[in-house]
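In what follows, every chain begins at residue 1, and chains take the letters A, B, ... in the order their sequences are listed.
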Amino acid sequence: MFNSIEDTIQQLEKQRYICSKEIATTVYLALKMQKPILVEGPAGVGKTDLGKCIAQALGYELIRLQCYEGLDEAKALYEWEYAKQLLYTQILKDKLSKILEDQATLKDAVNKLSTEEDVFFSEKFLVARPILKAITNKTPSLLLIDEIDKSDSEFEAFLLEVLSDFQVTIPEIGTITAVNKPFVLLTSNNAREMSDALKRRCLHLYIDYPTKELEEQIVKLKVPECGNYLIKEIINTIHEIRKLPLKKDPSISETLDWAKALALLGCEVLNRNIAIDTLNFILKYEKDIELVKKNINTIIVH
Amino acid sequence: MMYDKSFISEEDKAKAVFFEFAEVLKKAGVDISIVEIMDMLHALPFISIAEKEIFKQTLATTLVKDYTDIPIFNQCFEEYFQRKKGNDSLLDVYTSHTNAEDFIFSQEEKSFLESLIDDFLESHPQSFFKKSNEYLTKILIDEIQSSEAGGAIGLSLFNRRSRFASGGADDSTEQELSPQVFEAIMGMLRRRMFERNMGKAIKQREEYLLNKYIYQLKPDEIKEMRELIKRFGQKMKNRISLRKKRVKHGTIDIKRTLRRNLQYGGVPFKIFHRDRKVDRPQLVVMCDISSSVNQYSRFMLLLTYTLQSLFAKVRSFAFISNLVEITDLFREMDPERALNSIFNDTNFTYGWGSNYGNSFNQFIHNYSDALTHKTTVLILGDARNNNQDPGLDSFIKIKERSRNIYWLNPDRKHLWDWSDSIASVYIPHCTEMREVKNFLDLSNFIDTLFIQKK
Ligand SMILES: Nc1ncnc2c1ncn2[C@@H]1O[C@H](COP(=O)(O)OP(=O)(O)OP(=O)(O)O)[C@@H](O)[C@H]1O
Ligand SMILES: [Mg+2]
């Protein structure tokens, strides 16, 4: 557990995650209040990484559920291992026939069989998916539900039940309640709006692009070989570029890529020519590259 | 006795402040339920209010669940908790008056008084409240006393003098209120007014702009609306994509279901659904920017700009007597610069008066590739064609090659066809021609656009 907001910042820095006071405040409060956090923000601002680093800092097991369109309970919660069940019924055919031997009618046979079905619907044949794993985990865990906006709203409704009481009911087995309530982090890229009910369950954290100071700190930490002078120039340039109306702004990961590339190229200063030649590290669209080229004189001074 | 030394802890006083702040946010249009308020109260003991950044984030993270509301939150926070030069901040108003009202009134009396004050504030026009606080308080008290709304509680309120008057001055007249009670009521009234005004002022300004007749928007108001439109646009986009997700599941995909269940000997353990086709909005926007639409056109261009930045497949065109594509321009510049560069291009603005006919002809000639059977065409303009050829053939071609075509007309309906407007020439060939007076009309229209069935 983090001792304070300051401590949260320090502990996360040890995991190589630089966070603002805002981020630390929400994380600290969510842990104290035992509430999930819904993290929103543009791509590549460190939403996923935040979850991973909190887990590491707290020594929690990280259980990740990557969302996608069509994700359902079977992939998120649990699934019966049909193939295994089928295989067992095949192998146990003789045994089963023996049990059913004395039954006169089909109906009797079915009744008899159903008294035995517990064997097939027991935990032996159950595959636990991330949510069930998080609930049944023996030690504290962090459940990272990544990119929830990519899932369907039906899934969201289902998730809501889980988040409200951390227990799941498996009809064949019964209700399983969390031993350790997992710490839940949901991330979203704002592809769609989450329902009010879901938002109500969570604290809300919006991560925007970092300030120059923070981003500089991140690059210093992750690409120290770049040198402080060059890093400053990179950050200034990136922040100028983000002011343009781009199709896609360069994110932190792109800043890091660029810094690595420039360090590899042996750059000591960032001049216009080098920048133009390496723009494809930070911009994915031809149109964006053109736009930056057009404005390069105002973006870079030399 | 209950109000002899009614003990209100510091904590309760602080709580009242936070409740009020939540009220301010609500009045400014932020969606807040009791859950959010409880979370806020639950969170506050874990932090130190003295650290502004942390305090602010604690309120934001518990109260604001829609990131598009964050700018509004920031605005309210600054106004509420930061003392502005020359103005009372609500906190000041509090510290000077809550003491008095809490000392004098019981909880029951207080909420009773508050509801009377709210009625009072509702039942008078805005201008009335420019009067001095003393004057307003007198009127308030008069109204309460004469209406006999008070009942038992009211009587006990207004008869309360003896406790404060020195000695047993029980011969004073019924109507005279002790100065302490008067002061306390005045404090409550002042606080209530302040709090209503702040949240409301922000919200009202927005509503004013959104509802203002587009023709009458001033240039700086249009600038002011940029953020607002962006926020509205973002909300709209979120809503639309949520809606799309909801209609996604289609019928069972037999092929896939059988194929994927082969491993179980063909027993269909797992069912696969066919994804219903999701519509990606494809828009072509044609915007009349002639001087007859002037402010309107600036506004429309701003809107076009917003649409283009929100939806992937939008192509934008502007026309007066000639038509040009401005999609790239909008992609490359911020709206203000883009707008100026359009209006400064003398090649383009040369001559005057829109020529719809010529513009439609040019569109068919040069940009037919923008049209597919999935395209929705939006025409923004007043159909004042300056008595020139309407280019109806081209217009019909546009209609035939697109899914539907909407005409958003800033003129009031009874003015269509008036003077040189030829709206009714086009109407039979439009999916619909609509009167769009203000931004709200527009956003409602766009909102419904994407849930239409073919
Ligand atoms: N505050 C930070 N401190 C250190 N590294 C960071 C920080 N923020 C982002 N990064 C780095 O940036 C990269 C992108 O982060 P991450 O994948 O977590 O972003 P994301 O917000 O989850 O993006 P997406 O929305 O695309 O999933 C990672 O390599 C991460 O290490
Ligand atoms: Mg991620």
Side-chain angles (χ1 to χ4, degrees), chain A residues 4-6 20-33 35 37-38 40-41 69-70 72 74 79-80 82-83 85-86 90 149-154 156 188 190-196 198-206 208 243-247 285 287-288 290-291 294-295, chain B residues 31 33-36 39 42-48 51-58 60-70 234-235 237-246 248-249 261 263-265 267 269-273 275 278 305 309 312 328 330-335 337-338:
Chain A
S4 64
I5 292 170
E6 201 44 50
S20 62
K21 272 213 173 111
E22 284 85 18
I23 297 178
T25 302
T26 301
V27 170
Y28 178 74
L29 285 175
L31 281 162
K32 285 280 177 202
M33 297 165 71
K35 282 217 132 201
I37 308 179
L38 172 63
E40 293 186 290
E69 238 174 278
D72 56 13
E79 190 169 29
W80 291 108
Y82 299 115
Q85 286 169 333
L86 220 56
Q90 291 297 317
D149 51 330
K150 301 232 168 81
S151 69
D152 313 276
S153 39
E154 294 88 339
E156 205 184 306
S188 157
N190 313 321
R192 68 178 171 91
E193 205 177 356
M194 298 295 111
S195 71
D196 285 345
L198 184 83
K199 289 192 208 156
R200 223 138 256 177
R201 292 254 171 270
C202 306
L203 296 189
H204 188 264
L205 174 63
Y206 185 76
D208 210 338
K243 285 183 194 157
L244 297 171
L246 300 170
K247 261 182 107 159
Y285 293 97
K287 279 248 153 65
D288 287 350
E290 275 168 34
L291 178 60
K294 222 190 260 173
N295 291 287
Chain B
D31 189 12
S33 74
I34 190 68
V35 180
E36 274 81 26
D39 275 351
H42 185 181
L44 284 166
F46 293 115
I47 59 129
S48 147
E51 281 187 77
K52 188 190 155 193
E53 270 174 307
I54 290 175
F55 171 52
K56 187 172 170 186
Q57 175 67 7
T58 301
T61 204
T62 50
L63 293 177
V64 182
K65 300 294 170 72
D66 183 343
Y67 69 97
T68 54
D69 287 335
I70 292 176
Q234 188 61 48
K235 282 194 187 198
K237 187 183 174 190
N238 291 344
R239 262 205 313 278
I240 290 166
S241 48
L242 177 64
R243 210 182 281 143
K244 269 195 307 202
K245 292 269 180 184
R246 287 214 170 113
K248 260 218 61 176
H249 283 302
N261 282 298
Q263 48 175 322
Y264 311 126
V267 183
F269 280 117
K270 285 185 195 161
I271 307 290
F272 291 89
H273 291 270
D275 286 344
V278 174
Y305 181 90
S309 60
D328 285 341
F330 273 172
R331 204 167 277 152
E332 285 165 19
M333 294 184 194
D334 65 71
R337 270 204 294 162

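- Between the A/E22 side chain and the B/E53 main chain, no donor and acceptor come within less than 3.5 Å of each other.
- Partners of A/D288 according to the side-chain hydrogen bond (donor to acceptor under 3.5 Å, both in side chains) rule, which considers only residues two or more places apart in sequence or in another chain, do not exist here.
- Of the residues considered (B/A60, B/S48, B/S33), B/S33 shows the highest number of contacts with chain A, using heavy-atom pairs under 4.5 Å.
- Between A/Y28 and B/F46, the ring-plane angle classifies as perpendicular under the 30° and 60° cut-offs.
- B/L63 does not touch chain A: none of its heavy atoms, backbone or side chain, sits under 4.5 Å away.
- Only the side chain of A/I5 comes within contact range of chain B, judged by heavy atoms closer than 4.5 Å.
- Looking at B/I54, the atoms closer than 4.5 Å to chain A (heavy atoms on both sides) sit in the backbone and in the side chain alike.
- At a 4.5 Å heavy-atom cutoff, the contact between A/D196 and chain B is made by side-chain atoms alone.
- Of the listed residues (A/K294, A/M33, A/K35, A/R201), the one with the most heavy-atom contacts under 4.5 Å to chain B is A/M33.
- In terms of non-hydrogen atom pairs under 4.5 Å with chain B, the most contact-rich of A/H204, A/K247, A/K287, A/E40 is A/H204.
- Take A/E290 and apply the side chain to side chain contact (heavy atoms under 4.5 Å, CB included) test, not counting sequence neighbours, and it matches A/E286.
- With respect to the salt-bridge test (charged N to carboxylate O, under 4.0 angstrom), the residues B/E36 and A/R200 qualify.
- With respect to B/D31 and B/K65, no salt bridge is recorded, no charged nitrogen being found less than 4.0 Å from a carboxylate O.
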